[in-house]
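Chain letters run A, B, ... following the sequence lines, proteins first and then strands; every chain starts at 1.
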Amino acid sequence: MLLSKYFIPVLKEAPREAEIVSHKLMLRAGMIKQQSAGIYSWLPLGLKVMRKVEQIVREEQDRAGAVEILMPTIQSADLWRESGRYEDYGKEMLRITDRHERDMLFGPTNEEMVTDIFRTHVRSYKDLPLNLYHIQWKFRDEVRPRFGVMRGREFLMKDAYSFDLDEASSRAAYYRMFVSYLRTFDRLGVKAIPMRADTGPIGGDLSHEFLILADTGESEVFCHADYMKLDVPGAGVDYDDDGLIQSIVEDWTKSYARTDEMHEEALWSNVDAAQQMNARGIEVGHIFHFGQKYSEPMGAKVTGPDGKDVPVYMGSYGIGPSRVVAALIEAGHDDNGIIWPASVAPFDVGLINLRSGDERTDGACASLYDQLTNAGFDVLYDDTDSRAGGKFALADLIGLPWQLIIGPRGLDNGEVELKNRSTGERESLNNEAAINKLMTWQSETKARFGG
RNA sequence: CGGGGCAUGGCGCAGUCUGGUAGCGCACCUGGUUUGGGACCAGGGGGUCGCAAGUUCGAAUCUUGCUGCCCCGACCA
């Protein structure tokens, strides 16, 4: 992509309303534009990152056996009356009336709707287990939206819903999603720790929040240092092996990990003081098991092997890709801007022409651009006639993993300069060596994050 | 929903107290000189000062009402 033909409306100064670093940087890097309180347009750079997040989430859902569908944003109030939540949900639900005076709503979540799909089409235990997910915009009319897309009213959400014949198999479905989340966040390039969450009226131990650790995180977390070195299951993990999956979950839940809301000082004091980690985190995923809460009132039943009808056992599993984008910035930035994980960076390489219009640098850049593009790199070529300083500042701001810098001075020595955004290291190399270095990185990145 | 704050060109701000018809930096346009970490000179375009009433000879400025946005708290992916 040529920067001159792209659209990155950067701001030198962040608008006053932006408070936290991710919001400021998203506005400055031209990723989003606020349209109303808690409602944002996604501009090319922001959209590109969000799509990558979405795709990783999708691949890991598919791998774990979930099946993608797409449910609408607008729902009929009737379904919600069946579950009783139309009255219960309160003002967070945006209610709409259509031209026929029918009560509609902008979906804040989809339990009712997916249960309706299930009950219409599934009758037998032989069709289970089933896990349906979709990635769709949700709307919750928060009293106080804030922190940009971190806490917007409209947000993108992956929500999966599992259906099982009984408690035990439902628990196995929950474990599969748990493991899938470990893999998802690992591929997103962040450390996310599952923490015991409030299960509400249902009780039990089947609800976890996944928190990305970031100094600027909203919640205080307490966890055992063991979590820093636990292995994340590889791409080959066998989701059909219930025993294996359960053992992975056990490894990831046996040590203490709680947010301040669930924190229990008595249990915490049992953790060796040297192993106590008091950090901050951002909630990016939440999974829970709710049994027959919706299947019962909504009549979502299947016939079991004994010929009896039973309401299915369900769980739901959410990840907010729009929020994840902001959380990744909270977890990865410096004074100059964003530092994207390799797996979601909007481009792999920023190719910087320090003197656009100069025959030599133009030629060298055009050639490198072609070579890199042909080698499978997504390259953003800054071919504009801005000055060097401005180009460096832009490249640092938008946080691409690599900057390949071509100027007359280097060309005199037959060299280009390669800068690593996260370490800040720069080195002068000839073209071939620079491309080789990038290709090595590319294959390592694929091996690490490609899934 | 309680408490607080803000609203002046695309962004950041001054001007409001003490009323006299709008200004600065950045960005943008033109020309020139420049060109390896946000250049310089000259010229230029762009704002019914959030909206509506009122006071006044005259309102960005005073009064009243409304709207929008932000922050703290309670609530949440």
Side-chain angles (χ1 to χ4, degrees), chain A residues 9-20 23-24 27-28 30 33-39 53 57 89-93 107-110 135-160 181 192 197-198 200 207-212 217-219 259 261 281-288 316-327 335-337 352-358 361 382 384-397 403 405-413 415-417 419 424 426 428:
Chain A
V10 296
L11 298 172
K12 195 170 273 187
E13 295 170 284
R16 188 176 34 184
E17 66 264 19
E19 188 72 12
I20 63 168
H23 191 191
K24 285 181 180 164
L27 290 168
R28 285 196 49 214
K33 155 134 178 45
Q34 178 167 337
Q35 300 295 165
S36 174
I39 299 177
V53 171
V57 169
Y89 214 93
K91 289 186 144 181
E92 283 205 345
M93 182 191 286
T109 177
N110 288 67
I135 301 176
Q136 176 62 291
W137 293 91
K138 303 279 185 292
F139 194 93
R140 289 185 194 163
D141 199 0
E142 297 275 350
V143 195
R144 182 150 102 82
R146 65 185 116 166
F147 304 147
V149 298
M150 185 79 84
R151 181 78 186 275
R153 292 194 289 173
E154 189 182 46
F155 55 97
L156 189 64
M157 175 117 134
K158 184 286 300 182
D159 38 330
Y181 275 33
D198 191 0
S207 181
H208 289 89
E209 294 176 342
F210 286 75
L211 285 98
I212 289 180
E218 55 192 347
S219 333
T259 61
E261 285 159 6
I282 301 165
E283 186 189 341
V284 284
H286 198 163
I287 61 179
F288 42 97
S316 73
Y317 315 90
I319 292 181
S322 52
R323 168 175 252 226
V324 165
V325 172
D335 290 346
N336 295 324
I352 299 178
N353 185 342
L354 288 182
R355 197 173 301 178
S356 297
D358 178 277
T361 58
D382 189 342
T384 64
D385 62 2
S386 327
R387 300 168 59 81
K391 293 192 177 189
F392 291 138
L394 173 70
D396 286 347
L397 176 63
Q403 295 168 22
I405 302 157
I406 286 76
R409 213 159 70 191
L411 291 183
D412 287 341
N413 304 318
E415 285 176 335
V416 295
E417 193 167 280
K419 175 180 169 182
R426 348 172 25 143
S428 291

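Picking from B:C11, B:C69, B:G37 the nucleotide with the shortest atom distance to the side chain of A:A388 gives B:G37. Side-chain proximity of A:R426 to the nucleotides B:C70, B:G37, B:U34 is greatest for B:G37. Relative to the side chain of A:R355, the nucleotides B:A7, B:U35, B:C71 differ in distance, and B:U35 lies closest. Of the listed nucleotides (B:G36, B:C76, B:C69), B:C69 has the atom at the smallest distance from the side chain of A:E17. Among the nucleotides B:C70, B:U8, B:U35, the one closest to the side chain of A:A37 is B:C70. Proximity note for A:V143 (side chain, C-beta onward) versus B:C1, B:C75, B:U35: the nearest is B:C1. With distances taken from any side-chain atom of A:K12 to the nucleotides B:G37, B:C70, B:G38, the minimum falls on B:G38. Ranking B:C1, B:G36, B:U8 by closeness to the A:R16 side chain, first place goes to B:U8.
Judged by Watson-Crick or G-U wobble contacts below 3.5 Å, the nucleotide B:C6 has B:G68 as its partner. Nucleotide B:G73 is matched to B:C1 when pairs are restricted to Watson-Crick or G-U wobble geometry with both distances under 3.5 angstrom. With a cut-off of 3.5 Å on both Watson-Crick or G-U wobble distances, the partner of B:U63 is given as B:A53. In a base pair of the Watson-Crick type (N1 to N3 plus N6-O4 or O6-N4) or a G-U wobble (N1-O2 and O6-N3), with each distance short of 3.5 Å, B:U30 is matched with B:A42. Checking B:G25 for Watson-Crick or G-U wobble geometry (two distances, each under 3.5 Å) identifies B:C11 as its partner. Under the Watson-Crick and G-U wobble criteria, each requiring two contacts below 3.5 Å, nucleotide B:C17 is left unpaired.
Rounded to whole angstrom, the span from the OH atom of A:Y89 across to the C1' atom of B:C76 amounts to 9 Å. Atom C1' of nucleotide B:G38 and atom CG of A:L354 are separated by 14 Å, given to the nearest angstrom. In this structure, CG of A:D358 is placed 15 Å from P of B:U34, rounded to the nearest angstrom. The separation between A:E218 atom CD and B:A74 atom P is 13 Å, rounded to whole Å. Going from atom NZ of A:K24 over to atom C1' of B:C70 covers 13 Å, rounded to whole Å.
Listed pair A:R387 / B:U35 fails the phosphate criterion, with no side-chain N or O lying under 4.0 Å from OP1 or OP2. An OP1 or OP2 oxygen of B:C1 is reached within less than 4.0 angstrom by no side-chain nitrogen or oxygen of A:R144. One finds a side-chain N or O of A:K91 lying less than 4.0 angstrom from the OP1 or OP2 phosphate oxygen of B:C1.
Note on A:A14: only backbone sugar-phosphate atoms sit closer than 4.0 angstrom, heavy atoms only; bases stay farther off. Counting non-hydrogen atoms under 4.0 angstrom, A:G407 reaches a base of the nucleic acid. Contacts of A:E417 with the nucleic acid, taken as non-hydrogen atoms under 4.0 Å apart, include base atoms. No contact: A:K33 has no heavy atom under 4.0 Å from any strand. Among the atoms of the strands shown, base atoms are found under 4.0 Å from some heavy atom of A:R151. Among the protein residues, A:G152 comes within range of the nucleic acid bases, having at least one heavy atom under 4.0 Å from a base atom. Counting non-hydrogen atoms under 4.0 angstrom, A:G320 reaches nothing in the nucleic acid. Residue contacts shown for A:D396 include a base, since a base heavy atom lies under 4.0 Å away. Backbone-only engagement by A:S36 is indicated by non-hydrogen atom pairs under 4.0 Å involving sugar-phosphate atoms exclusively.
Put simply, the side chain of A:S322 never gets that close to the backbone of A:V149: no donor and acceptor are under 3.5 Å apart. In this structure, A:K391 contributes its side chain and A:L354 its backbone to no donor-acceptor pair below 3.5 Å. In terms of modelled atom types and a separation under 3.5 Å, the side chain of A:S207 and the main chain of A:I287 share a donor-acceptor contact. Judged by distance alone, the side chain of A:R140 and the main-chain N or O of A:P108 form a donor-acceptor pair under 3.5 Å. The closest donor-acceptor contact from the side chain of A:S356 to the backbone of A:T384 lies under 3.5 Å. Side-chain N or O atoms of A:Y181 include one that pairs as donor or acceptor with a backbone N or O of A:Y317 at under 3.5 Å.
The gap from the P atom of B:U55 to that of B:C71 amounts to 38 Å, rounded to the nearest Å. On the P atoms, B:C11 is 16 Å away from B:A27, given to the nearest whole Å.
Nearest-nucleotide mapping onto RNA chain B: of A:F147 and A:S386, the residue sitting toward the 5' end is A:S386. Annotation: of the two residues near RNA chain B, A:L397 and A:H286, the 5′-most nearest-nucleotide partner is A:L397.
Within 6.0 Å of CD on A:E261 lie no more than 12 heavy atoms contributed by other residues, nucleotides or ligands.
Between the base of B:G10 and the side chain of A:E13 there is no donor-acceptor pair shorter than 3.5 Å.
Looking at A:R151 and A:E19, no side-chain N of the basic residue comes within less than 4.0 Å of a carboxylate O on the acidic one, giving no salt bridge.
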